[in-house]
Amino acid sequence: MSGIFAINGGACVAMVGKDCVAIACDLRLGLQALTVSNNFPKIFQYGDVFLGLTGLATDVSTVSDLFRYKVNMYRLREERDIAPRTFANLVSSTLYEKRFGPYFVGPVVAGLDPKTGEPFICGFDSIGCIDFAKDFIVSGTATDQLFGMCESLWEPDMTPDQLFETISQSLLNAVDRDALSGWGAHVYIIEKDKVTKRLLKGRQD
Amino acid sequence: MDLGRWIIGGSLRPCALLSLASVRSVHPDRLKLQCAFPLELQSSRHRDLGPVPTNNLKLPLADLHLLSNFVHNIAKMEILLGITGKDFTLIAASKAAMRGATILKASDDKTRHLNKHTLMAYSGEAGDTVQFAEYIQANAQLYSMRNESDLSPSALANFVRGELATSLRSRKPYNVNLLLGGVDPITHKPSLYWLDYLAALAPLPYAAHGYAQYYCLSILDKHHHPDITLGQGIKLLTLCTDELKRRLPVDFKGMTVKAVTKDGIVDIEFNDDKVVKSA
């Protein structure tokens, strides 16, 4: 409840399914216990790669703007979109550049490998240590609750529809037990040639 | 760049332009860099200090949060309110200039016009507020002069956020809370941006800063509607100020109220003398 990461609140989760991945975030922006906005998305799209950012709101904006710049420069240089794994390493090195004065964010990356179509998700700490996972990644003030939900609901090889249901229930039920996150959610389901973005209204209290 | 033309054609008086230019004081080390843009406006406070030892740049954020609590309790007494409606954005700021327990001035205007259809209200640490607001104002006006077109409210909001975010990681960050209200010059859509001293930016239908948040947001939650007219907006504002008069322990000396519409920024006559009975 105290600490820089928990001033503004917020939660994010990514999950792997069969030939698909999902990433979801809540929409709250607060100042301690006071809610300032219920429309503050924490997922950002760079080509076919998705980045979720929880933590200090100012750094969520700063870091998302920074990666928009970096990914655009990458695209101009390489004349192709960045791959999720490459982006993950870019995130890692960018965060570690600020080792002794970090951005106070907990990033989550999700996407499909452009060549193999293999699902890819990973998470980071604020100084860029990568956490690769085969099942799910959680981040934000509802981390504990999300771990519990994901651990009990996730199963291997889910279809996109099953994955949507699982990630949505995990997030919604996790943030309802966290005072600092919630107030609606965005859910992205990423398939080979289709991305579906859904807005979940959620509890507005 | 042909300055003469701007002085005649632009909205700035010659003396104003001179003072803009003098904001820049050049450190010898930076001389080369600055020549690239002779009239780029610089924040006089943290640039031009010459090379700063790197260990000083290590993040002061953790300390800043504690330090700012001291300044913040005064700043929290300053009221900033913003309400958007169908075709306008209302911005209101308390008239009292406070320092400790003293009210230094009862007719303070805590707003700055950035361009024809964008208005910024500010609160926070004494020197920082005006310094930062005028730095932003000067750059917004410089952009308008150079490009013969104004930045949109959203563009300005993101520019301000960038400047504040850069300052946050500097040796002495600006301690300023802001509300940015505007009407898009092309689409005529009203907008309101909430920005705190940490440079967290949120576009909102209605917003407040400081203690006013605790009293007014719930009133606005209940009564606000995106389609309200200017008259209804002012009524809503009165509802908020009445509550503030009733519950705030200090006399904030009434509000300066301004409305941004597609035709520009207008001052709104607001009855400050209304007596509200305590609860």
Side-chain angles (χ1 to χ4, degrees), chain A residues 1-10 25-42 44 53-69 94-105 126-128 140-141 180-181 183-184 203-205, chain B residues 54-66 68-69 72 76 80 82 157-171 173-174 177-179 191-218 220-221 226:
Chain A
M1 181 71 197
S2 64
I4 295 184
F5 284 93
I7 294 173
N8 302 117
C25 68
D26 74 329
L27 295 180
R28 183 179 181 267
L29 170 76
L31 269 180
Q32 323 266 46
L34 177 85
T35 299
V36 172
S37 172
N38 55 5
N39 190 17
F40 189 81
K42 294 159 192 75
F44 306 90
L53 290 167
T54 61
L56 192 68
T58 180
D59 286 346
V60 169
S61 301
T62 305
V63 171
S64 66
D65 288 352
L66 180 64
F67 283 120
R68 185 179 57 198
Y69 164 73
T94 305
L95 290 178
Y96 197 76
E97 266 180 24
K98 297 268 185 282
R99 170 62 179 81
F100 295 110
Y103 294 117
F104 298 100
V105 289
S126 60
I127 53 168
T141 51
L180 299 182
S181 46
W183 296 72
R203 285 176 65 129
Q204 297 289 313
D205 61 357
Chain B
T54 38
N55 59 346
N56 278 355
L57 280 174
K58 274 181 202 170
L59 175 101
L61 245 179
D63 306 334
L64 175 89
H65 195 61
L66 293 174
S68 62
N69 282 342
H72 235 67
K76 275 182 171 176
L80 298 183
N158 282 283
F159 168 69
V160 177
R161 201 205 83 79
E163 292 300 317
L164 205 55
T166 315
S167 139
L168 185 70
R169 308 266 174 175
S170 71
R171 204 165 49 76
Y174 285 113
N177 295 311
L178 301 162
L179 286 183
S191 56
L192 175 67
Y193 293 89
W194 177 95
L195 202 68
D196 71 358
Y197 72 103
L198 295 170
L201 174 70
L204 296 169
Y206 46 85
H209 269 302
Y211 287 125
Q213 288 183 114
Y214 302 115
Y215 301 116
C216 300
L217 289 188
S218 51
L220 291 161
D221 280 339

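As the structure is a computational prediction, the values presented were derived from the model and not from experiment.
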Option in A:Leu34, A:Asp65, A:Val60, A:Leu29 with maximal non-hydrogen atom pairs under 4.5 Å from chain B: A:Leu34
Is B:Leu217 close to chain A through its backbone or its side chain, or both, or neither, when contacts mean heavy atoms under 4.5 Å? side chain
Rounded distance [0.5 Å steps], CG in A:Asp59 versus CZ in B:Arg169: 4.0 Å
Distance check, rounded to the nearest 0.5 Å: B:Asp221 atom CG versus A:Thr35 atom OG1? 9.5 Å
Least distance between heavy atoms, B:Ala200 atom then A:Thr58 atom: N-CB, 3.9 Å
Minimum-distance pair of heavy atoms, taken over all atoms of A:Val36 and B:Gln213: CG2-OE1, 4.1 Å
Nearest 0.5 Å please: distance from the CG atom of A:Asn8 over to the CG atom of B:Asp196. 7.0 Å
Nearest heavy-atom approach of A:Phe40 to B:Leu201 is CE1-O, 3.5 Å
Checked A:Ala57, A:Ser37, A:Ser61 vs chain B; the most non-hydrogen pairs under 4.5 Å come from A:Ser61
Against chain B, label A:Asn38 side chain, backbone, both or neither, depending on which of its atoms sit under 4.5 Å from a heavy atom there. neither
To the nearest 0.5 angstrom, please state how far the CG atom of B:Leu198 sits from the CD1 atom of A:Ile4. 8.5 Å
